[in-house]
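First up is the structure itself, then whatever we jot down about it.
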Protein chains: 2
Amino acid sequence: MKFTSDDFAKELKSKNIRLSHQRLKVLEYLSENKCHPTVDQIYTSLHKEIPTLSKTTVYSTLSALADAGMVKSINIEDNEIRYDITVEDHGHFKCESCGAIFDFPADMSRLESEVLSGFKIRDKNVYFKGTCPMCLANKN
Amino acid sequence: MKFTSDDFAKELKSKNIRLSHQRLKVLEYLSENKCHPTVDQIYTSLHKEIPTLSKTTVYSTLSALADAGMVKSINIEDNEIRYDITVEDHGHFKCESCGAIFDFPADMSRLESEVLSGFKIRDKNVYFKGTCPMCLANKN
DNA sequence: TACAAAGTTGTATTGATTACAATATAATAA
DNA sequence: TTATTATATTGTAATCAATACAACTTTGTA
């Protein structure tokens with residue numbers, strides 16, 4: 001699905017988030033780079049286009065977009081947060097050899113347990129780790 | 001299930017991990033505190049018994065035990081790692097109001113997807129977030 | 001066009017985690 | 001038991017993602 005700046009602008013307005021050049025650029029970047037980038041990757045790339053961009057802005061923008069449900073933070077690594085513009089439920093697999101993160105369909109409703117009746121669930125994450133087929137092949 | 005120091009000593013030996021006072025104490029602490037403690041909580045508590053204990057030791061011990069599969073690290077929070085002596089597959093629910101982490105049964109084999117055929121899966125994590133029944137009740 | 005509220009910037013800080021060298025301990029063999 | 005060697009522990013210093021904050025800028029609205 002391809003989004004235009006205009007689509008993002010409308011969505012921001014509908015969520016009562018002010019429109020800003022920086023926010024549009026972050027959304028645009030995430031929609032064109034679905035590799036689950038880190039804050040630093042997003043900042044470094046956008047900084048080329050927007051020399052005045054501050055890393056603090058990238059942090060606060062992503063935080064605001066995540067609060068509004070427009071992006072999802074991925075904590076598959078202990079040391080840095082990654083972001084995903086795909087907010088629909090799905091699992092993430094991290095290859096511990098090459099570092100790549102893969103999406104896979106994951107029906108999280110199947111994980112519902114009677115133990116959680118009475119709990120209000122706001123967010124669900126499924127993180128798998130291991131080795132991807134390419135890295136498995138390269139070992140041989 | 002109740003473990004004795006002797007059980008832990010045998011398990012360490014079978015995994016070719018050297019026996020040390022500190023390692024036994026960390027295992028003992030985790031088996032008595034299944035609340036998914038942070039490194040700092042483990043350190044602070046054990047430091048009272050073992051005044052010479054270093055935080056670096058707690059980090060390296062937990063890292064070694066996790067590598068050996070004797071404990072599991074929980075990255076449900078972005079800012080600090082928690083540890084669990086229950087290594088069998090199960091989900092974790094974090095209450096965003098009181099901070100408590102709850103275990104729940106999660107049949108992760110149901111998440112297997114044909115997309116992951118060809119991947120070697122080493123580790124599976126299911127993290128849910130929201131509000132626990134007690135905190136929901138307190139709001140009213 | 002003017003104003004108030006909110007966003008952006010840059011710098012300084014925080015705080016969990018790691019690196020590393022010196023010291024101490026555990027496992028093994030004589 | 002004792003000696004030896006490899007590994008663990010300790011304490012300090014460093015790293016680095018993330019946050020706090022104050023000054024400045026921009027946005028949305030009247």
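The chains referred to below are lettered A, B, ... by the order of the sequence lines, with proteins before strands, and numbering in each begins at 1. The figures here come from the full heavy-atom set of this structure, side chains too, leaving out hydrogens, waters and symmetry mates.
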When the distance from [atom1] of [X] to [atom2] of [N] is rounded to whole Å, what number comes out?
X	N	atom1	atom2	result
B/K25	D/dA8	NZ	C1'	18 Å
B/Y59	D/dA14	OH	P	18 Å
B/I81	D/dA17	CD1	C1'	13 Å
B/K15	D/dA8	NZ	C1'	20 Å
B/E80	D/dT19	CD	P	13 Å
A/N75	D/dA17	CG	P	15 Å

| request: Between A/L19 and B/K13, just flag the one whose closest nucleotide in DNA chain C comes earlier from the 5' side. | output: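 With A/L19 and B/K13 compared, the 5'-side residue is A/L19.
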I'd like to know if [X] and [Y] make a salt bridge, using a cut-off of under 4.0 Å between side-chain N and carboxylate O.
X	Y	value
A/D107	A/R110	yes
B/R23	B/E28	no
A/E112	A/K124	yes
B/K34	B/D103	no

| request: May I ask you to check whether A/F119 and B/F102 place their ring centers less than 6.0 Å from one another? | output: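 Yes, the ring centres sit under 6.0 Å apart.
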| said: By the definition side chain to side chain contact (heavy atoms under 4.5 Å, CB included), identify the one residue from B/L30, B/T57, B/I81 that meets it with B/L62. | reply: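 So, applying the side chain to side chain contact (heavy atoms under 4.5 Å, CB included) to B/L62 and each of B/L30, B/T57, B/I81, only B/L30 qualifies.
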| message | Of the options D/dT9, D/dA18, D/dT27, whose atoms approach the side-chain atoms of A/V39 most closely? | response |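 When the side chain of A/V39 is considered, D/dA18 is the closest of D/dT9, D/dA18, D/dT27.
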| query | Quick one, which residues of residues 48-57 of chain A touch DNA chain D with a heavy atom under 4.0 Å? | reply |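 The answer is A/T56.
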| message | Can you give me the first and the last nucleotide of DNA chain C (5' to 3') that has an atom within less than 4.0 angstrom of a non-hydrogen atom in chain B? | response |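 Listed 5' to 3', the contact boundaries are C/dA16 to C/dA27.
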| message | I need the single residue from B/N125, B/T86, B/D89 that forms a side-chain hydrogen bond (donor to acceptor under 3.5 Å, both in side chains) with B/K72. Which is it? | response |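 Of the listed residues B/N125, B/T86, B/D89, the side-chain hydrogen bond (donor to acceptor under 3.5 Å, both in side chains) partner of B/K72 is B/N125.
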| query | Is there side-chain contact between B/Y83 and B/V26, with at least one heavy-atom pair below 4.5 Å? | reply |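 When only atoms from C-beta onward are counted, B/V26 and B/Y83 do not touch, as no gap falls below 4.5 Å.
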